[in-house]
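Only one structure is covered here, and it is reproduced in the block below.
Since the structure is predicted, the reported quantities are computational estimates derived from the model, not experimental observations.
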Amino acid sequence: MRKLVKVGAMFAIAAIMQIGGCKLAYAERGYKAIGSDRLIFPVVLFLEYKAFCEPGESFYEDEEEEYDA
């Protein structure tokens with residue numbers, strides 16, 4: 001459940017940054033166009049993943065037990 005909240009917060013922050021970036025680009029250009037401002041969402045998600053997730057952390061299973069044969 002904790003990982004789901006973490007991922008949800010990461011998506012929410014990235015979405016807010018994307019919306020703000022698109023509005024700022026529109027205000028700067030004066031017309032709607034597709035530019036590098038569309039890269040805000042994936043770049044922010046990547047940076048959040050690198051900053052907030054530990055190495056080896058998986059979002060698929062909560063606590064996977066290692067099997068020793």
Side-chain angles (χ1 to χ4, degrees):
M1 185 66 165
R2 185 173 181 222
K3 291 180 184 180
L4 182 63
V5 172
K6 183 190 288 190
V7 171
M10 288 168 62
F11 273 105
I13 291 169
I16 291 169
M17 297 281 289
Q18 177 69 45
I19 292 168
C22 287
K23 286 183 180 181
L24 184 64
Y26 176 73
E28 188 71 28
R29 290 186 195 119
Y31 58 90
K32 289 193 176 195
I34 295 177
S36 61
D37 55 313
R38 299 296 176 186
L39 292 173
I40 293 173
F41 190 79
V43 169
V44 169
L45 279 180
F46 177 74
L47 292 175
E48 287 174 334
Y49 177 76
K50 287 294 190 182
F52 299 123
C53 296
E54 298 161 4
E57 184 177 0
S58 173
F59 291 114
Y60 297 116
E61 299 291 330
D62 281 334
E63 294 295 325
E64 292 185 7
E65 296 291 328
E66 290 187 23
Y67 178 72
D68 292 327

Closest heavy-atom pair, E48 versus M10, reported as atoms and distance to 0.1 Å, is OE1-O, 2.8 Å
Nearest non-hydrogen partners of Q18 and D37, listed with the distance: NE2-O, 3.2 Å
With a 4.5 Å limit on heavy-atom distance, are the side chains of K32 and C22 in contact? no
How about M17 and F41: do any of their side-chain heavy atoms sit closer than 4.5 Å? no
Measure the spacing between [atom1] of [X] and [atom2] of [Y] and express it to the nearest 0.5 Å.
X   : Y   : atom1 : atom2 : answer
Y49 : K6  : OH    : NZ    : 9.5 Å
L45 : K50 : CG    : NZ    : 13.5 Å
I40 : I16 : CD1   : CD1   : 13.0 Å

